[in-house]
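Data first, discussion second: the structure below is written as structure tokens.
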Number of protein chains: 2
Amino acid sequence: MEQTNYHHGNLRSSLVSTGIEFLNQKGVAGISLREIARTIGVGHNAPYRHFRNKQQLLEAMAEDGFRRLKARYTRLELEFANDPEGQIFESAMHVISMAADQPNLFQLMFGGHIQPQDCGGNLKLAADDAMQSLVAIIRNGQRLKVFKEGDPMTLALSTMSMIQGLAIMVSSGKLKVQFQTQAKDSSWTGRQTLLRAMVLQLFDVFLRGLKRS
Amino acid sequence: MEQTNYHHGNLRSSLVSTGIEFLNQKGVAGISLREIARTIGVGHNAPYRHFRNKQQLLEAMAEDGFRRLKARYTRLELEFANDPEGQIFESAMHVISMAADQPNLFQLMFGGHIQPQDCGGNLKLAADDAMQSLVAIIRNGQRLKVFKEGDPMTLALSTMSMIQGLAIMVSSGKLKVQFQTQAKDSSWTGRQTLLRAMVLQLFDVFLRGLKRS
DNA sequence: TTGATTATGTGGGCAGTGTCCACATGAGTG
DNA sequence: CACTCATGTGGACACTGCCCACATAATCAA
């Protein structure tokens, strides 16, 4: 009897998870507190015991996404130690494949639906952590003479922008066409390798620069 | 008597423009067909004579944004002829300052709220035009030996990603902090020059590459 | 054990929304 | 003038977020 869902139980987490399900299926605009409560099998007012607003539920869902993102970041940071280029590319790849797999969640996280200053700092930290990791990676890469010199913050912001941009293009479907038409193999791993190849090309421009010489 | 707004008139364009006003003030989620109709002074069903859906009104508003964007693009393309780097930077600057001035409109245009394949191709063209312009600029820059060689489409996609990423960071307020705290001069031109300086720094990383030499 | 307090879930209700419907009105055309 | 068609009107329905008072289960003090 793990989940004592009789009359009480682990709501809140149920709300968040089925919320994310609905998010993936019907987009941010298609989310309804009442419908979530209905499918969980609970009164239409139960969610208000765990979230003050619909907005707060959305923030909790986004926070869940940020948390997963950060967990993976730190794993990659260890896995590719002493390979800053690998660290950065794999981080980018992770964000981008998340944008490909769960475009709506990505849109919720980065589309301006969330105002980090509203919720109790909990979310703001999660969102900033990625930035902190990036700065650290850049700094390490500069020490190893892999990345160019200069203000690490500026370099990190540029890198973040590039990653976000790629992810946005993927999540909004502007890149999907090209790597879907090629994809005879429609399995997840198939799509993943194609996506990887494409991002590799596009990210290389960023690493080496658009200008000549 | 330009606007015969008595019983008939130029609705549709009124709907779009006051729609954009509401968008700027209250965000995408805060837009209500009924409220728009109410403030225009028209029945709550009048909009349905011009748009099948709320969605279609949103698309029309986004299309308006795309149109303005493209108009500026072609102007810049002429103004900075034979200066591909200038063309690209000014294009980026334009997108980004739009993201700064009207973050909600920008979010509507690129945040996944619009499915270009839905509306009658009219919007899809407007959105793709920017891409076409970029490819042309890149090609010209390659001819002038300013940009590196390689598939122009790939280079254009990278550039587009970088621009989008910067714009997203600005519109979602992740960069606002830094260039607002510095801004003693809070006038539009003041903010604009600060924004310009910041983007210049960040974009330079993209032009020269993150890697060392 | 018992009794009170707190956390959690329930139903009713209200204003507001998007969308469908039948109807009204006005402009334009034969 | 009559007819048609584009455009605008009010009514209605299901649905939503959120507020209220109330019910129930868990927790804890005595």
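Here is the naming used below: chain letters follow the sequence lines, and residue numbers restart at 1 for every chain. Note: hydrogens, waters and symmetry copies are ignored here, and every other heavy atom, side chains too, is used.
Protein atom CG of B:N45 is 12 Å distant from nucleotide atom C1' of C:dC23, rounded to whole Å. Rounding to whole angstrom units, NZ of residue B:K26 and P of C:dG16 are separated by 11 Å. The distance from atom OH of B:Y48 to atom C1' of D:dA12 is 14 Å, rounded to the nearest whole Å. In this entry the distance linking CG of B:L58 with C1' of C:dG18 reads 12 Å, nearest Å. Between the P atom of C:dG18 and the CG atom of B:L15 lies a distance of 12 Å, rounded to the nearest Å. Across the protein-nucleic acid pair, B:L33 atom CG and D:dT16 atom C1' stand 15 Å apart, rounded to whole Å. Rounded to whole Å, the distance from CZ on B:R49 to P on C:dT19 is 14 Å. Here D:dC18 presents its P atom at 13 Å from CD1 of A:I31, a figure rounded to the nearest Å.
Distances were taken from every side-chain heavy atom of B:V42 (C-beta onward) to each of D:dT9, D:dC18, D:dA21; the shortest belongs to D:dT9. Checked against D:dT7, C:dG9, C:dT19, the side chain of B:K54 finds its nearest nucleotide in C:dT19. Checked against D:dC18, D:dG8, C:dT19, the side chain of B:L11 finds its nearest nucleotide in D:dG8. If you check C:dT19, D:dG8, C:dG9 against the side chain of A:A46, the one that comes closest is C:dG9.
Remark: the backbone N or O of B:E77 is paired with a side-chain donor or acceptor of B:Q87 at under 3.5 angstrom. A distance-only check finds no donor-acceptor pair linking the side chain of A:E90 to the backbone of A:L76 [under 3.5 Å]. Put simply, the side chain of A:K70 never gets that close to the backbone of A:G65: no donor and acceptor are under 3.5 Å apart. Of the possible polar contacts, none joining the B:N53 side chain to the B:Q56 backbone as a donor-acceptor pair under 3.5 Å is found.
For B:H44 against D:dG11, a side-chain-to-base donor-acceptor contact under 3.5 Å is present. No donor-acceptor contact under 3.5 Å links the side chain of B:H50 to the base of D:dG8. Taking 3.5 Å as the limit, the base of C:dG18 and the side chain of B:R34 contain a donor-acceptor pair of atoms between them.
For the atom pair A:I168 CD1 and B:M160 CE, the distance stands at 12.0 Å (nearest 0.5 Å). Taking OG of B:S171 as the start and CG of B:N104 as the end, the distance is 8.5 Å to the nearest 0.5 Å. Atom CZ of residue B:R196 and atom OG of residue B:S97 lie 9.0 Å apart, to the nearest 0.5 angstrom.
The aromatic ring centres of A:F206 and A:F89 sit 6.0 Å or more apart.
B:R38 has a side-chain polar atom (N or O) that falls below the 4.0 Å cut-off from OP1 or OP2 of C:dT17. The phosphate of D:dC15 (OP1 or OP2) has no side-chain N or O of A:S32 nearer than 4.0 angstrom.
B:L57 comes within contact range of no nucleotide atom at all, as no heavy-atom separation falls under 4.0 Å.
Toward the 5' end of DNA chain D, the nearer of the two residues B:G43 and A:R52, judged by each one's closest nucleotide, is B:G43.
Taking a 4.0 Å limit (strictly below) on heavy-atom distances, residues 16-25 of chain B does not reach DNA chain C anywhere.
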